[in-house]
Amino acid sequence: MDKLNYSETVLLPKTAFPMKADLAKREPQLLEKWKKIDIYKKMLEKNKGSQSFILHDGPPYANGHIHIGTALNKILKDTVVKFKSLQGFFSPFVPGWDCHGMPIEHQVFQQMKLKDKNAVDIISFRKKAHDYAMKFMAIQREEFKRLGVFGDWEHPYLTLNPVYEKTIVESFGKLFTSGYIIQRYKPIHWCWHCQTALAEAELEYWDETSPSVYVKFPVKKFSAGRVPDHSFFLIWTTTPWTLPANVAIAVHPELEYCIIKTDAGHFILATTLVDTVCEKLNWKSERIATFKGKDLEHTIYSHPFVERDSPVVLAHYVSAEEGTGCVHTATGHGEEDYQTGLKYHLPVISPVDERGRFTEEVPEWKGMLVFEADPFIVDSLSKRHIILHSENYRHSYPHCWRCKKPVIFRATKQWFLKIDHQNLRELLQSEIQKTTWIPEEGQSRISSMVALRPDWCLSRQRLWGVALPVFYCEKCGTAICNKETISKISSLVEKFGSDVWFEKSVEELLPENFTCPNCSQAGPFIKEKDILDVWFDSGVSHLAVLKNDPQLKWPAELYLEGSDQHRGWFQTSLITSCAIEKHAPFKTVLTHGFVVDAEGRKMSKSLGNVITPEQIINQYGADILRLWAVSENYQQDMRISQKIIDHLVIVYRTLRNTMRFILGNISDYDVQFQVQESELLEVDRWAIARLNQLVNDVTGYYEACLFHKGVNEIFDFCNIDMSSFYLDYLKDRLYTHGKNSCTRRAAQQVLYQILSSLVVMLAPVLSFTCEEAYSFIPFKKQESVFLEHWPEAKAPDNNLLERWLKFFEFRKLVLKQIEQQRAQGKIGSSLEAAIFVKANPQHREFLESFQPYLTNLLMIAEIHLENGNELEVKAEKTDLPKCARCWIHHKTVGLSKQHPQLCEKCLQVVNDK
RNA sequence: GGGCGCAUAGCUCAAGGGCAGAGCACUGUGCUGAUAACGCAGGGGUUCGUGGUUCGAAUCCACGUGCGCCCA
């Protein structure tokens, strides 16, 4: 036999599992398979009756295509759900969408080319908004499916579903009847031209010239000692028309104030601003006394032209750069002013009607548009020496996006959820304490937000949402919302959807023969025009979804969202849950960071650094995107760039190739041919021990949601333990030992076990690849890897692992010596090496204990152990002849006349055939 | 401006007071029976900056810079 023919007697790896992944092409085929066998349902059936693990999906907004952040979020969720499911938990995943709200309203407005919100036909508008939301829900659903995310995609929860809307109405009713809901005035952006409320997104800012005035307010009762008679606070404002609504003067608690003596009287203002102000007002001043801002608190002053006394209050937003350091505060005309007002229980005064004109509360300028009144106000007050100086001032000012007119802040009646009713804030805090936050910082973050958050403003003056289910008695003005009315409305909403509020008359919406609970009149009644904040919609998802679906349960084990949801969904869900159920809706909350580019900057069109999931999927495959999602530490910001993707492709190839190599070598594996554990070589038992260690580590990391650590461990195992050592070493046994020899079968058995564990542990991440690889495993038990069981975490043999660590240290020395010889051109393959070792008796004995396999383990020709003091390793080229079949240099080569090129091992194998 | 974070090799991550460590990438090289694969070796660091505590700091503290999320 010549050399070539011996090659034919060697058992080389054989598998149809391709080396080239071709994921963009193959993944859709696997999606088809999953659809055909209904894998999601089968996974649930497998675990039916087991303990359940519920991850409650936070609903993305049904607008536009998914972006890399939404993809990251769903992939992480899917990884958790698949892991729990493989572990045997009953883990249904019901995806959801947030369907109401302003972004959709905007889009539809633009599509309809509407100019005036008040002229729109609400019913047909809402129909269009509904269709718009459904369209993008369907688009996003396909995009999520393409990522390989498993879930009940045919029955998602949508906040516009009538059954969902019913829960919204009922939840509001429960809150109302238990006293959490109140109505109070609050300033909002208002367009006096369009006569409509405006959201922040509907404002356009550009420069505007306003009158800037200095106004004096006489001190009535000074809190920080005594002041001379005829002392005044000096304030500065660019909106003179808000002066009638002044209810306080705000000063900064830490800033220094002084009282100055001038020809015009005594004035109190911030010390740092005295010079600028005096220059402007042409004053010569003398400083009499100084105070800290906080000492001025509770000073009482009189309004200069309205019959009213008001207090001095403290606020941190007071600037020491501009004005006088004394800030005119009109709670009805500014957000900051309003917040300060809440703190000091100031009245909210807003004597301006919806057309932007003064009401009769301001008789002097009654009926005038506030901006047109400005010059008259300045003129009149200047004459009365109340305004001491005025000039033009250019600053950025908000304008209506539709009519481009400058907007005003105007107080209107709004509905609120009271955060301090029935100690709700304390309950929120104690439930936050009881919840597990991953990462831990989440707890202090949400806790500090809850500590300071104001009442939740629930009303919106918009069209696309669920109407606030409140009626008003026209006779006595009472706002009506009780069990009776809620029960009627919720059953109508369940039947007809929330459109019913706009379609039906007030009589049809109220129970029959309804009378006002306050004045007992039988009407007439009016329905509320405002709708609920969309955050309320998603905030009750735990009630609408977890409580209404029998396979789910409340509270959920896990909420998993981006860190922005500390203010958003986590908080809104917690508030509704604690107010209604007195308990948090989640046990654990996990947050991830935001996706940024290679430099750590956020993705934006203007920076041109946007990477879409679609790009990655089409070019590399969803598994690469999934690998990215779990390879980095999601607790920080997640970087993505072409370089990072390239790196992941290489990582992926290594994992895929490891699977492929093992598949190739177990193609003729037969479960019937079981090798007893005692018949395994020590190195095989080491491999099993390492596998057990890996399973333990990975299970622990996954359970702690530290996926990147788990995946890193798997990668190191495949790379360091398998590829570099064990698999390389096993080639001789697998290729050249007898087909049914114990040594070869033992190797196959270990490899089978390793691969079986690997595909399951990687399946939550590389779902497509593992499903594909699983289908090539002989004697597999299930039709999908996702119906497998999580590998059992057996305790690894730590003594054995430690012993082998010492062996690997020695191996490293040997490899280094061989490399030196190779560099000198003396040795090519390590199989040509003869190794000479001097070692102390103890170490020598240690090495002897690996015999007779030491040369095989090191993949060398010969090894000679001698006693010595220091450990010394030398490599030389062997003189032994090379076996033509197994390529090992061995002294037995040439002993056979029939096969002079073979060693005794190969001789026997060839003869046995 | 405020709150909560983050910053270690070109990249992704470790080390949480005691010699800064893996994998990938890179460079060199071997093999040609994992072959658009696999093996071996090597170079690569002001641990963002400044100051402090300490015998000793990537690690603890303060200030700053840059970046992200939330709020104003």
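Fair warning: this is a prediction, and the values are worked out from it, not measured in the lab. Just so it is clear: chains get the letters A, B, ... in the order the sequence lines come, proteins before strands, and each one is counted from 1.
The salt bridge (Lys or Arg N to Asp or Glu O under 4.0 Å) check on A:Arg885 picks up nothing, with sequence neighbours excluded. By the salt bridge (Lys or Arg N to Asp or Glu O under 4.0 Å) test, A:Asp732 is found to be paired with A:Lys905, residues two or more places apart in sequence or in another chain being considered.
In this structure B:G52 sits in the anti conformation; its chi angle is more than 90° from 0.
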* Summarise how protein sits on nucleotides 64-72 of chain B as a single string, 5' to 3': B when a protein heavy atom is under 4.0 Å from the base, S for sugar-phosphate-only contact, - for no contact. => ---SSBSSS

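Nearest heavy atoms, A:Tyr752 versus A:Pro778: OH-O, 2.7 Å.
Taking the charged nitrogens against the carboxylate oxygens, A:Arg26 and A:Asp623 have no contact shorter than 4.0 Å, which rules out a salt bridge.
Within the 4.0 angstrom heavy-atom criterion, no nucleotide atom of any strand lies near A:Arg656. A:His316 comes within 4.0 angstrom of nothing in the nucleic acid, heavy atoms only.
Remark: P of B:C24 and CG of A:Leu627 are 15 Å apart, rounded to the nearest angstrom. The nearest whole Å value for the distance from the OH atom in A:Tyr652 to the P atom in B:G23 is 23 Å. Atom NZ in A:Lys877 sits roughly 13 Å away from atom P in B:G30 (whole-Å rounding). Separating the OH atom of A:Tyr729 from the C1' atom of B:A34 is a distance of 18 Å, rounded to the nearest angstrom.
Contacts between residues 10-18 of chain A and RNA chain B, counted as heavy-atom distances below 4.0 Å, involve A:Val10, A:Leu12.
For a distance-only test at 3.5 Å, the side chain of A:Lys731 qualifies as a donor-acceptor partner of the base of B:A34. Side-chain atoms of A:Ser448 and base atoms of B:G3 include no donor and acceptor less than 3.5 Å apart. A donor-acceptor contact under 3.5 Å is formed by the side chain of A:Ser723 with the base of B:A34.
Look at A:Trp887 and the base of B:G33; the rings stack, centres closer than 5.5 Å and planes less than 30° apart.
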* To do: Give RNA chain B the dot-bracket treatment, 5' to 3': Watson-Crick (N1-N3 with N6-O4 or O6-N4) or G-U (N1-O2, O6-N3) under 3.5 Å, [ ] crossing, | other strand.
  => (((((((..((((....[..)))).(((((.......))))).....(((((..]....)))))))))))).

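Residue pairs meeting the salt bridge (Lys or Arg N to Asp or Glu O under 4.0 Å) criterion with at least one partner in residues 435-457 of chain A, sequence neighbours excluded, are A:Arg184-A:Asp455.
The cationic group of A:Arg656 lies under 6.0 Å from the six-membered ring centre of A:Phe17 and within 45° of the ring axis, placing it in a cation-pi geometry.
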